[in-house]
Amino acid sequence: MPNSTIERLRAVIESGSNQKDKRTAITSLLSGLPASKENLKAFEAALVLLEQLENIEERQNGILEFNHILPKTEAFSELH
C-alpha cells in the first residue's frame, strides 16, 4: 500500500492542479493512512512534496496540516 500511496502523491504534484488543490490532495491521502510503520515512507515523501510547494501560504498550511495528521507514535518521531 505505501508504494501505491507514494505513486499517488507524485501524481498529485505532477498534475496541473493549483497549489491549494495539491496541498489538499496530499493531506487527504495522508489522513486516510493507518498509523503503521509501513506507511512511514509515504509520510516522508508527502513532507518532501509539501515542502516543494511554491506558494508560501499553501506550503505553510500543508506542513501545519501534516503535523496534525502525523501519527504520534515512536515510529514517526523523526518526522515531528
Side-chain angles (χ1 to χ4, degrees):
M1 176 141 170
N3 287 338
S4 64
T5 302
I6 291 172
E7 291 168 8
R8 291 172 64 193
L9 288 168
R10 287 187 181 131
V12 166
I13 288 297
E14 293 170 359
S15 74
S17 299
N18 66 43
Q19 300 282 296
K20 183 177 182 177
D21 290 344
K22 288 180 181 182
R23 173 187 53 83
T24 302
I26 291 169
T27 55
S28 293
L29 278 170
L30 291 180
S31 64
L33 293 178
S36 64
K37 190 172 182 173
E38 292 79 32
N39 290 317
L40 181 60
K41 293 276 187 215
F43 277 87
E44 290 172 341
L47 181 58
V48 168
L49 296 174
L50 287 169
E51 289 174 339
Q52 292 175 357
L53 291 175
E54 294 174 11
N55 181 293
I56 294 170
E57 184 177 343
E58 295 305 329
R59 184 173 52 236
Q60 289 173 337
N61 287 336
I63 292 171
L64 286 173
E65 289 178 41
F66 175 88
N67 286 329
H68 180 72
I69 295 167
L70 188 64
K72 310 299 186 249
T73 63
E74 187 175 332
F76 291 85
S77 64
E78 66 184 55
L79 295 177
H80 285 278

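Counting begins at 1 with the first residue of the sequence.
Looking only at side-chain heavy atoms (C-beta outward), I13 and I26 come within less than 4.5 Å of each other. Looking at L29 and L33, their side chains never come closer than 4.5 Å, going by heavy atoms from C-beta outward.
E44 approaches E78 most closely through the heavy-atom pair OE2-OE2, 3.0 Å. Closest approach of F76 and P71 over heavy atoms only: CB-O, 3.5 Å. Contact between E54 and Q19 at its shortest, heavy atoms only, is N-OE1, 2.8 Å.
Judged by distance alone, the side chain of S15 and the main-chain N or O of V12 form a donor-acceptor pair under 3.5 Å. Judged purely by atom type and a 3.5 angstrom limit, S77 uses its side chain to pair as donor or acceptor with the backbone of E74. With hydrogens and angles ignored, the 3.5 Å screen pairs no side-chain donor or acceptor of N39 with any backbone N or O of A42.
Checked against side chain to side chain contact (heavy atoms under 4.5 Å, CB included), E57 has the following partners two or more places apart in sequence or in another chain: N55, N61.
In this structure, CZ on R59 lies 13.0 Å from CZ on R23, to the nearest 0.5 angstrom. Atom CG of L50 and atom CG of L9 lie 8.5 Å apart (nearest 0.5 Å). The CD1 atom of I63 sits 12.0 Å away from atom OG1 of T27, with the distance rounded to the nearest 0.5 Å. Distance check: E65 CD to L30 CG gives 10.0 Å after rounding to the nearest 0.5 Å.
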